[in-house]
Amino acid sequence: MSKNILIINGPNLNMLGTRQPEVYGSDTLADIEAMCSDHGQGLSLSIDFRQTNDEGEMVTWIQESRATHDAIIINAAAYTHTSVAVLDALLAVEMPVIEVHLSNIHQREEFRQHSYVAKAATGMICGLGAQGYTLALDALANCLDS
Ligand code: DQA
């Protein structure tokens, strides 16, 4: 049976394409979703791709995924740097988590260089733009297989 991957995108990522393209690239979130669906098919992973601007909704999706999904890819966007609630939810579900950021958060403002999500993540990919999402799917295919 194919594994179910939840891909969660946080606040303002619905504005990709027009939002600071010099930082985040020109792909829209719909482009990234299409890329993930295609790539997932090749890896026999089924993709559930979502975006929210709401921290509580993000926490609820993570909690619910325990019963319905096998792993999570998360770009928590600004909540990466602020949300103990998102961290606690990720720790509670006890499944593989790959953290993704389009930009290299370690080259940016100091407040972006700390990630709460990282404390719950199996691994982190940042600075590679949209490709980070497909690399995260490759990593999960590997880790769910073994
Ligand atoms: C981001 C980096 C965050 O610092 C920022 O708040 C975002 C996007 C990224 O993908 O590079 O919204 O997560």
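For the single chain, residues carry numbers from 1 onward in sequence order. We use all heavy atoms of the structure for the numbers below, so side chains are in, but hydrogens, waters and symmetry mates are not. Order of listing sets the numbers, starting from 1, for every ligand and every atom in it.
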Identify the two heavy atoms, one from His101 and one from Thr80, that lie closest to each other, and give their separation to 0.1 Å.
->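 Minimum heavy-atom contact is CE1-OG1, 3.1 Å.
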Can Ile125 be reached from Ile5 by stepping across I, L, V, M, F, W or Y side chains whose heavy atoms are under 4.5 Å apart?
->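 In one cluster: yes.
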For Glu55, enumerate each residue passing the side-chain hydrogen bond (donor to acceptor under 3.5 Å, both in side chains) test, keeping only those at least two apart in sequence or located in another chain.
->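 Scan of Glu55 (side-chain hydrogen bond (donor to acceptor under 3.5 Å, both in side chains), adjacent residues dropped) gives Ser83.
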What residues form a side-chain contact (heavy atoms from CB on, under 4.5 Å) with Gln41, not counting sequence neighbours?
->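 Residues passing side-chain contact (heavy atoms from CB on, under 4.5 Å) with Gln41: none at all.
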With sequence neighbours excluded, tell me which residues meet salt bridge (charged side-chain N to carboxylate O under 4.0 Å, His left out) with Glu109.
->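 For Glu109 the salt bridge (charged side-chain N to carboxylate O under 4.0 Å, His left out) partners, ignoring immediate neighbours, are Arg112.
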Hey, mind stepping through Tyr133 and Met35 against side chain to side chain contact (heavy atoms under 4.5 Å, CB included) and telling me if it holds?
-> CA-CA 8 Å; Tyr133 287 76; Met35 228 179 270; over 6 Å; no
Under a 3.5 Å threshold, I'd like every N/O contact between ligand 1 and protein atoms, with atom names and distance.
unit_1   : atom_1 : unit_2 : atom_2 : d
ligand 1 : 4 (O)  : His81  : NE2    : 2.7
ligand 1 : 4 (O)  : Arg112 : NH1    : 3.0
ligand 1 : 6 (O)  : Ala78  : N      : 3.3
ligand 1 : 6 (O)  : Arg112 : NH1    : 3.1
ligand 1 : 10 (O) : Asn75  : ND2    : 2.9
ligand 1 : 10 (O) : Leu102 : N      : 2.8
ligand 1 : 11 (O) : Leu102 : N      : 3.3
ligand 1 : 11 (O) : Ser103 : N      : 2.9
ligand 1 : 11 (O) : Ser103 : OG     : 2.6
ligand 1 : 12 (O) : Arg19  : NH1    : 3.1
ligand 1 : 12 (O) : Arg19  : NH2    : 3.0
ligand 1 : 13 (O) : Asn75  : OD1    : 2.8
ligand 1 : 13 (O) : His101 : ND1    : 2.8

